[in-house]
Amino acid sequence: MDEVPAGFLWGTATAAYQIEGAVAADGRGPSIWDAFTAEPGRVKNGDTGDVACDHYHRWPEDVALMADLGVGAYRFSVAWPRIQPDGRGPANAKGLDFYDRLVDALAERGIAPVVTLYHWDLPQALQDDGGWMNRDTAHRLAEYAAIVADRLGDRVTAWLTLNEPFVHMTEGYGIGTHAPGEALLLDALPAAHHMLLAHGLAVPVLRERSAAPVGLTNNYSPVWAASGAPEDRAAAAAFDVLQNRLFTDPVLLGRLPDMSAYGVAADGLPFVRDGDLAAIAAPIDRLGVNYYSPTRVRAPHGTPAAPEGGGSVLSEAGAHIEGAGLPFEDVPIDGHPLTGFGWPVVPDGLHELLTGLRDAYGDALPPILVTENGCSAPDDDPGRRDQDRIDYLDGHLRALHRAMDDGVDVRGYFVWSLLDNFEWAEGYDQRFGLVHVDFATGTRTPKASYHWFRERLARYR
Ligand code: IFM
């Protein structure tokens, strides 16, 4: 029987815009995702988060599902536009009340709340002023963090300031496949810096108001070179800098990685001001790690990489990347099963990632929470027999235990996701839930993976 340390957090994860719906309820302001989904052609089938899983109204049922599942923790995000409808100024009491009730209900069931402050739903009013391209947004996030921590700080088990700034920068500001839909390519780099600055400014704000550990969540991918050729190895190193190191070195080491592959001079980036890196490097207690699959890259060949069958989060945008003059090109990973999204299923990648973080950052690495792991699968079985998801989770849990046996300090693991939900540009097509949601009726039906995970969790008690 695999062991985990006392207090290990077994949980499921969600995010506000992906499940809550009720976008106009109780004074919530518009977010960039409301604006983006309203634009024709942005999201598959014209789907929006207007109703989603209607978690805003059905949350007691969802808490009961988690209690029945036997998880000890729940990672969810707070919707900034519910708390500050315009992204600044006084709190909207009804928005805070919603999360207050949720946190109390979780506590009654013995489920620890792990709160992400920002999971991509920026108030539209801040986007109107430039969004994450505007340095002021970092200060706004710190102000919002204070409001949330003042209200929930006595009951939250862990804080995560940001979710996946790499994906938000790349898809939201770099290639425009996510809200706010800007296609600035490498000119989007200020967005990354301002998000990291927001994280750094929020850390002391949270500490002043709450004893709970603080961290941020990145989406990590082990990067494989397509061959041993020096140019492919250089391409892999360059991609590793962009996806992994750019969002970790400043936080854990207080410095930028070598960005010369992107034409960035040794004296850094012009929008990084004196003192910023010290702020970003405020010590954290946890590193949130989201893992889905590795990425394989080669040196640019001038031929667009095949977007289907085994690429990373960037594959979909292969054509954009080709045009961007970037120092890498995504290539498919063969020889592994693929998820519904077409992402390769590589459980060993989780072991490689966790041990790689330990080796790269050593003593600077805080304990890890695996804040997301899971897969999408087609909605093609009325019996909800999602054996592919069971196999995925089983393989990744084995890899997790091997990494822990090898000395990596992991303190929690969260399945993405509790519910089928709004999968951003894919709308409702890609289903990640342990629980099936009928989006026409809101009906929840636990899948085979839910029952499997419940049995698995019972073994740890
Ligand atoms: O649904 C997303 C989530 O919002 C962030 N991490 C990856 C998940 C699957 O794509």
Side-chain angles (χ1 to χ4, degrees), residues 164-178 181-192 218-249 256-265 269 290-346 348-350 352-353 356 360 375-376 424-426 430:
E164 299 183 1
F166 165 71
V167 177
H168 198 33
M169 173 198 75
T170 309
E171 299 221 35
Y173 291 85
I175 55 178
T177 45
H178 280 186
E182 304 216 354
L184 303 170
L185 302 172
L186 278 180
D187 288 340
L189 282 175
N218 282 316
N219 173 34
Y220 289 102
S221 184
V223 187
W224 299 348
S227 81
E231 58 272 25
D232 287 340
R233 291 159 66 110
F239 186 77
D240 186 43
V241 162
L242 188 64
Q243 169 149 7
N244 301 320
R245 300 204 74 120
L246 178 59
F247 297 91
T248 318
D249 288 15
L256 285 160
D258 174 359
M259 296 192 66
S260 52
Y262 298 91
V264 175
L269 296 159
N290 292 353
Y291 171 73
Y292 288 92
S293 52
T295 304
R296 189 159 172 256
V297 297
R298 66 183 182 190
H301 281 46
T303 313
E308 284 174 22
S312 73
V313 68
L314 288 176
S315 300
E316 198 184 325
H320 302 255
I321 291 168
E322 288 306 313
L326 291 175
F328 57 82
E329 182 175 287
D330 206 16
V331 285
I333 292 176
D334 300 322
H336 295 268
L338 302 178
T339 71
F341 235 135
W343 297 348
V345 178
V346 187
D348 284 351
L350 180 59
E352 179 182 338
L353 169 60
C375 67
S376 63
W424 309 115
E426 294 296 314
Q430 296 295 334

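For Y220, the ring-ring contact (aromatic ring centres under 6.0 Å, His included) criterion is met by no residue, not counting sequence neighbours. For E182, the side chain to side chain contact (heavy atoms under 4.5 Å, CB included) criterion is met by Q127, Y173, P180, L184, not counting sequence neighbours. Remark: D249 engages R245 in a salt bridge (charged side-chain N to carboxylate O under 4.0 Å, His left out) (not counting sequence neighbours).
Taking the side chain as every heavy atom from C-beta outward, L242 and Y262 approach each other to under 4.5 Å. Counting heavy atoms from C-beta on, the side chains of P222 and T295 never come closer than 4.5 Å. Counting heavy atoms from C-beta on, the side chains of H301 and E329 come closer than 4.5 Å. Counting only heavy atoms from C-beta outward, the side chains of D258 and V241 never approach each other to under 4.5 Å. For the pair E352/W224, a side-chain contact is recorded, criterion being any heavy-atom separation below 4.5 Å from C-beta on. Within the 4.5 Å cutoff, no side-chain heavy atoms of L338 are placed close to those of V345. At a threshold of 4.5 Å between non-hydrogen side-chain atoms, the residues L326 and L185 do not count as touching. In this structure, P327 and F239 have side chains that are not in contact, with every pair of non-hydrogen atoms separated by 4.5 Å or more.
Between N244 and D240, the shortest heavy-atom distance links the atoms ND2-OD1, 2.7 Å. Minimum interatomic distance between V297 and V223 (heavy atoms only, all atoms of both residues): CG2-CG1, 4.0 Å. The two residues R233 and G228 have their closest heavy-atom pair at CD-O, 3.0 Å. Contact detail for S221 and S293: the closest heavy-atom pair is OG-O, 2.8 Å. Here the closest non-hydrogen pair linking M169 and L189 is SD-CD2, 4.0 Å. Here the shortest heavy-atom pairing between A261 and A238 reads CB-CB, 3.8 Å.
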Next on the checklist: If you apply the rule side chain to side chain contact (heavy atoms under 4.5 Å, CB included), what do you find for Y291 with V346, and how did you get there?
Outcome noted: CA-CA 10 Å; Y291 171 73; V346 187; 3.9 Å; yes
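Between R296 atom CZ and I333 atom CD1 the span is 7.0 Å, to the nearest 0.5 Å.
T339 contributes no side-chain N or O that, together with a main-chain N or O of C375, makes up a donor-acceptor pair within less than 3.5 Å. At distances below 3.5 Å, at least one donor-acceptor pair connects side-chain atoms of D232 with backbone N or O atoms of A299. Checked by atom type and distance alone, the side chain of Q243 pairs as donor or acceptor with a backbone atom of N219 at under 3.5 Å.
No side-chain donor from either of Q430 and W343 sits under 3.5 Å from a side-chain acceptor of the other. Between the side chains of E164 and N290, at least one donor N or O lies within less than 3.5 Å of an accepting N or O.
Ring geometry for H178 against W424 counts as tilted: the plane angle lies between 30° and 60°, on a 0 to 90° scale.
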